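Accompanying notes for the structure given below.
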Number of protein chains: 2
Amino acid sequence: MLHEEVVGRIRAILLDGEIPPGARIPERELCERLQISRTPLREALKVLAAEGLVQLLPHRGSRAAKLTDKDMRDLFEVCQGLEALAGELACERITDAEIDAISAAHGDMVRHYRDGDLIQYYRGNRAIHEAIITAAGNPVLAGLYSSVTARIRRARYVTPMTPERWAVAVKEHDAILNALQRRDGVGLAHILRAHLRHKREEVLQAGFAETEGSELAPSVA
Amino acid sequence: MLHEEVVGRIRAILLDGEIPPGARIPERELCERLQISRTPLREALKVLAAEGLVQLLPHRGSRAAKLTDKDMRDLFEVCQGLEALAGELACERITDAEIDAISAAHGDMVRHYRDGDLIQYYRGNRAIHEAIITAAGNPVLAGLYSSVTARIRRARYVTPMTPERWAVAVKEHDAILNALQRRDGVGLAHILRAHLRHKREEVLQAGFAETEGSELAPSVA
DNA sequence: ATCGACAATTTTGCATTCAAAAATGCAAAA
DNA sequence: TTTTGCATTTTTGAATGCAAAATTGTCGAT
């Protein structure tokens, strides 16, 4: 098994919540599960710690990182910035074909909304946001976005929604598509920021934070 | 020696250019220099690879990452977005004391400009940008900023300057300070973006890119 | 002389091993 | 009964050893 694959597998385990936030990461157990020894496992844990998904305590092992309300706010704030930037860049660079694809995805998503299928709605929603990032044509941006969204994914896509909020979100997505089609970068950036601000309010209001204590080192020194 | 210290030491070696971009990283040599064995060294290299400073080639060792023109552009683009975001947030949160400190740093920097001391000017310049990031009060943002700026530092702070460009940069810094003092977040964001856009143009024009080949994986999966 | 194949050497990646630190359990004392 | 101190056990962090892969060097054929 390749290094990147090990990192990916553990990341998935953490994002799925299979090891819940704050829980100890059972080194020995993961080793036999992934059929690897401790050396590559520990290399992967160090990488994930740099990403902010794992918390390393010297001589006390590693735990799945917990997010405080403040962490959540910070992550959403950065996510807003990244999406807004991506929106602007996407408007400069997106092709007609990409716009058509997003338009189609948007249609699907609205259908799922009408059907009341939140799971599928979220799936489509995420696809659209990621398509915008892709259209920005900036791999560095895409990488940071992945890293930041991974950490708030559960909050972002698990929070229950009121009918009112859902309706607002869909309206915002109409505006997002519209700005894209008009290639109105500044407008798109504004809408994306408002959209995520609303999402953040939902999440924080739902009290999704995973702890009240203190932790979470900045992901990079 | 602690894990984070090992990472820091190697990062410094790479940023100083002691191991030039594209060069093989001599594992054995670094081991005896840092007085550690290969295991912790390799853990550190994996972390730095996730940051984008090191390129891992399976079964072929690791090299110091090289930046293409495209990479440089992408990094500057993201840096612009992060600084603009930091500027907006800083205007909401910065204290009078922090503004005073930045104002003083600005004065010093301008003095160095008048003296024609580019090194000291750059030092002050960087301090101001970092103070704005700090004032934004968002550790996640600060972490990403560190990571991105680390990768373009040499380009950003080593490129020679023409007198004209330098004068423009100083004028822009006047505007930056002014916007901060007025706590004009939107204005500050605009100035910071323009400021970095100009810097990027300088750098790319100077042909700082470290290779014409292809490399550099997105820093995070 | 140059090119290609094969062997020797080096280097990588991982499993194992070892020492140190922390956690745990137990017993004795308050 | 609770608490404190100590010994045992477990777990962590790092060094070493080993097999596989890649690189290098050499030799022979053209």
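Values below: all heavy atoms of this structure, side chains included; hydrogens, waters and symmetry mates excluded. Computed from a prediction, not measured in an experiment: that's the story for all the values here. Chain A is the first sequence line, chain B the second, and so forth, proteins listed ahead of strands; every chain is numbered from 1.
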A/H3 NE2 to C/dC14 P, straight-line distance once rounded to whole Å: 9 Å
Residues B/R93 and A/E77 bridged, charged N to O under 4.0 Å: yes
Of A/I191, A/L188, A/I128, the residue whose pairing with A/L180 passes side-chain contact (heavy atoms from CB on, under 4.5 Å): A/L188
Aromatic plane relationship, B/H195 with B/H173 - under 30° parallel, 30 to 60° tilted, over 60° perpendicular: perpendicular
Whole-Å distance separating the CD atom of B/E5 from the C1' atom of D/dG13: 15 Å
N-O pairing of B/R200 and B/D74 below 4.0 Å: no
Strand-adjacent residues in residues 29-46 of chain B, judged by heavy atoms under 4.0 Å from DNA chain C: B/R38, B/R42
For B/H106 against B/L177, the heavy-atom pair lying closest together: CD2-CD2, 3.6 Å
Nearest-nucleotide comparison on DNA chain D, the residue closer to the 5′ end among B/L2 and B/H59: B/L2
Nucleotide C/dA23, atom C1' - distance to CG of A/L57 in whole Å: 14 Å
Presence of salt bridge, A/E43 and A/K46, under 4.0 angstrom: no
Salt-bridge contact A/E83-A/R193 (side-chain N to carboxylate O under 4.0 Å): no
B/R28 CZ - D/dA15 P separation (whole Å): 13 Å
Nearest to side-chain heavy atoms of A/R60, which nucleotide of C/dT12, C/dA22, D/dT23: C/dA22
Pair A/E172 + A/R197, salt bridge at N-O below 4.0 Å: no
Duplex segments of DNA chain C, taken as runs of at least three Watson-Crick or G-U pairs that stay under 3.5 Å: C:1-30 with D:1-30
